[in-house]
Protein chains: 2
Amino acid sequence: MKNQFTTPDGYTSDIAVFTITSESNGEYKPPLKKLKIMLIKRSEIDHEGNPNIEAGKWALPGGFVRPNETAFQAAERKLFEETGVDGLRIKHFGVYDSPSRDNRGWIISNAHYVIANESSLKKRKTTLDAQDIQLFSIEEALALELAFDHRAIMDDALWFIKKDMALTTLAKHFLPEEFVLSELQGVLLTVLDDPSISTDAAFFRKAPTLPFIEAVSENGKLKKSNAYSKTPAQLYRFTDFQPIVSVYRNKLKC
Amino acid sequence: MKNQFTTPDGYTSDIAVFTITSESNGEYKPPLKKLKIMLIKRSEIDHEGNPNIEAGKWALPGGFVRPNETAFQAAERKLFEETGVDGLRIKHFGVYDSPSRDNRGWIISNAHYVIANESSLKKRKTTLDAQDIQLFSIEEALALELAFDHRAIMDDALWFIKKDMALTTLAKHFLPEEFVLSELQGVLLTVLDDPSISTDAAFFRKAPTLPFIEAVSENGKLKKSNAYSKTPAQLYRFTDFQPIVSVYRNKLKC
DNA sequence: ATTAACAATTAACAAAACGTTAATTAATAA
DNA sequence: TTATTAATTAACGTTTTGTTAATTGTTAAT
C-alpha cells in the first residue's frame, strides 16, 4: 500500500523479563530472594551475516514486528527466538518513540514486561541473536551500558512491577503453586518497602486473612511444609479473587 | 533511510477526551454530574481535498504522527488542530496494532486519554478535519458506530479512568481548584460504585481526613461556599500528597 | 533424654479506622 | 415562626491494625 504520509522505518517489540531468584541461606532458613532482570548480549552479526547494530552491548530481548502480527505476538516470538524461553505472561506497558532513540531511523518500540518464575527461565540458552544471556540484579543492570534507550525502558518497567506488586496478585507469578508465607513475604520484600510486610508479626497475622490466598489442605487436613523451617509451615495458594483497593476507602501510607 | 525490514504504513496518535459535566439540579442542590466523552465527526474531505476515510463517522480525535515528533506531541498537536483545545493533561494507555484494524494498511495507533475540566473544553470548535464536535454520555457513545477500532479504544480508556480514579488523585482534574465535598463525591460517583462514597454519612465523615485534600482558609478562618447549599459548605483543595495503597496493607472490597 | 535455638505461628490487647444512626447547624421559603 | 434541606458533627459499636509476649515442632548439641 502507498500512502501520502511519511512512514516509520520500523516497529519493534522489546521485553523486560524479571524473575526472583532464591539463594539458599543455610538449612532450615527461608532463602534469600532477589529481583533479577534477564538481558542478552547482542551478537556481532545478525541473521543475514551483516554486522549488528549496537553489537556486543547488553540489551532487552526484542526485535522487529512483522506486518502480519501484533507487537504482543512479536514479543512472544522474539523471546523464544532469542532466548529459547516461552509460555510467559507478557504485558504491554509503554511506547518509546523519541525520534532520536535509534540511529537507524524512525523506529518505534512497543515495550513489555514479563514476570517469570525462576524455573521457567531454566531453559534459556544463547542463540544466533544473543551471544550471551544472563540474569542481572537490578544494581548490576543499572551499572551496565545498555543498547538504545533500553536503560529508560528498564527503569519504567521496574516502576510498573512495583506498582503491580502492590496493587494486584502479581506476586503469584513469582511463586510456586503452593508456597509458605515466608516465601510470599520474601517476594514482596524484593520490591516493596513496607513495615506491614517486613515486620514478621504484622505480616503473619494479616496474611492468613488475605482474601486472595487460601490454606492448602490434603486428605482433610492442612498441608504443611518443612522446606524452609524446622517447624512445619502452612502451605498456601492463590485463589482467583481479584482484590480492589481505593484511596477513598482505605487508610493511606504517609 | 533504507532498511531491510517491512515497515509500517503509518503511526497515529488518538486521544479519548473525557470530562464531567455539571447540570443544575435546582437551587441549593449539588448539580448532577455526568461523565462525557468528546468525539469528532470526520469530515468528508481531508486537508488536501481528497475524500476522507471513514468520513462522516464519529471518532476519537487524532491523526498521523510526524517523524520529528513523538505520539505524545502529536496528540497535543492534533487535539488542537482538530478541536481547538489545548493545555490538557494527556496520558498514554495503550497501543492498537492489529494488522486488520485500518484498511489503509499496517497502521499503528498510540492511544491516549485526557481528563478535562468542563471549562477547558469550552473553546472547542469544529475545524477542517472535524465537521462536528460533541460531548456524548457514555451510553450515547456506546450506541454510536465509531470509526476504525475506536470503540475498543474508548472501552479501554474508560477502564483506565475508573482505575485511576480509584487509585490516584485523578478526580482533581475534573474539579475546580477549590471545591466542596459534595462536588468531589459527585465526580467520584460518575465512575466509581462504592457504598463508602455513595453513602453520605460515611463519605462526609471520611473525606475530611483524606491526606490529599485540605480545607481552604482565608484570613485565618475557614472558607465556605453556598454555591450548592443553604448551609455554608467547607471548601477544599488537593494537596501534593500522592497516596499509596496496597492489597497487602488495606482492607479489601469483597 | 534434655535442652538450646529457631522459624513459624498464635494469643492477647490496645489503638486506629470504619460504618451507622441520630442529632445539629445555618439559610431559605412558606 | 416553622418546615425544609444540605452539610456537617456526635456518639458509639464493630473491624482492622500494630505490637508484644507466648507457644509449637523440629533439629542439633550436650
Side-chain angles (χ1 to χ4, degrees), chain A residues 22 24-33 178-186 189 194-211 213 215-216 221-236 243-254, chain B residues 22 24-33 178-186 189 194-211 213 215-216 221-236 243-254:
Chain A
S22 294
S24 170
N25 191 21
E27 257 192 321
Y28 307 114
K29 282 220 170 98
L32 287 179
K33 298 202 176 263
E178 299 180 352
F179 56 88
V180 140
L181 290 186
S182 64
E183 282 183 279
L184 173 59
Q185 185 189 30
L189 288 178
D194 189 321
S196 69
I197 297 172
S198 56
T199 308
D200 278 359
F203 184 74
F204 281 96
R205 190 185 56 70
K206 165 89 175 179
T209 74
L210 291 172
I213 66 175
V216 181
K221 52 178 175 298
L222 294 170
K223 192 172 170 193
K224 313 256 180 174
S225 159
N226 282 83
Y228 305 123
S229 62
K230 296 167 186 167
T231 312
Q234 178 61 47
L235 285 169
Y236 290 85
I244 297 171
V245 280
S246 156
V247 295
Y248 297 98
R249 259 183 83 83
N250 301 116
K251 184 184 151 199
L252 300 172
K253 201 197 291 189
C254 293
Chain B
S22 295
S24 171
N25 191 20
E27 257 193 322
Y28 309 115
K29 281 220 171 95
L32 287 180
K33 298 202 176 261
E178 299 180 352
F179 56 89
V180 139
L181 290 186
S182 63
E183 284 184 280
L184 173 59
Q185 185 188 30
L189 287 177
D194 188 322
S196 70
I197 296 172
S198 57
T199 308
D200 279 359
F203 184 74
F204 281 95
R205 191 186 55 70
K206 166 88 175 179
T209 72
L210 292 172
I213 66 174
V216 181
K221 51 178 174 296
L222 294 171
K223 192 171 169 191
K224 312 255 178 175
S225 158
N226 281 84
Y228 305 124
S229 63
K230 294 168 187 168
T231 312
Q234 178 60 46
L235 285 168
Y236 290 85
I244 297 172
V245 280
S246 158
V247 295
Y248 297 98
R249 258 182 85 83
N250 300 116
K251 183 182 154 201
L252 300 171
K253 201 197 293 189
C254 292

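Convention: sequence-line order gives letters A, B, ...; per-chain numbering from 1. Note that the structure is a prediction, hence the values are computed from the model and not measured.
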Roughly how many Å is it from [atom1] in [X] to [atom2] in [N], rounded to a whole number?
| X | N | atom1 | atom2 | answer |
| --- | --- | --- | --- | --- |
| R249(A) | dT15(D) | CZ | C1' | 12 Å |
| K230(A) | dT27(D) | NZ | P | 9 Å |
| D200(A) | dG18(D) | CG | C1' | 13 Å |
| R205(A) | dT20(D) | CZ | P | 13 Å |
| K29(B) | dT4(D) | NZ | P | 13 Å |

How about [X] and [Y]: do any of their side-chain heavy atoms sit closer than 4.5 Å?
| X | Y | answer |
| --- | --- | --- |
| F203(B) | S182(B) | no |
| P31(B) | Y228(B) | yes |
| L210(A) | Y236(A) | no |

What closest approach, in Å, do V245(B) and S246(A) show between heavy atoms, and which atom pair accounts for it?
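Shortest heavy-atom separation between V245(B) and S246(A) comes out as CG1-O, 4.0 Å.
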So what does [X] hit on the nucleic acid, given a heavy-atom distance under 4.0 Å: a base, only sugar-phosphate, or nothing?
| X | value |
| --- | --- |
| S182(B) | sugar-phosphate |
| T199(A) | nothing |
| S229(A) | sugar-phosphate |
| A201(B) | base |
| S196(A) | sugar-phosphate |

Using purine N1 to pyrimidine N3 plus N6-O4 or O6-N4 for Watson-Crick, or N1-O2 and O6-N3 for G-U wobble, both under 3.5 Å, which nucleotide pairs with dA29(D)?
dT2(C)
Among dT19(D), dT5(D), dA6(D), the one nearest T231(B) by side-chain distance
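Closest of the options to the side chain of T231(B): dA6(D).
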Show your reasoning for whether side-chain contact (heavy atoms from CB on, under 4.5 Å) applies to K206(A) and R249(B).
CA-CA 8 Å; K206(A) 165 89 175 179; R249(B) 258 182 85 83; over 6 Å; no
For Q185(B) and I197(B), indicate whether the former's side chain and the latter's backbone hold a donor-acceptor pair under 3.5 Å.
yes
Quick one: does any side-chain atom of Q234(B) pair with a main-chain N or O of V180(B) as donor and acceptor, under 3.5 Å?
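Not at all, since once roles are kept as given, no pair shorter than 3.5 Å links the two residues.
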With a strict under 4.0 Å distance from non-hydrogen atoms of chain A, what nucleotide opens and what nucleotide closes the contacted stretch of DNA chain C, reading 5' to 3'?
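In short, chain A contacts DNA chain C from dA7(C) to dC18(C).
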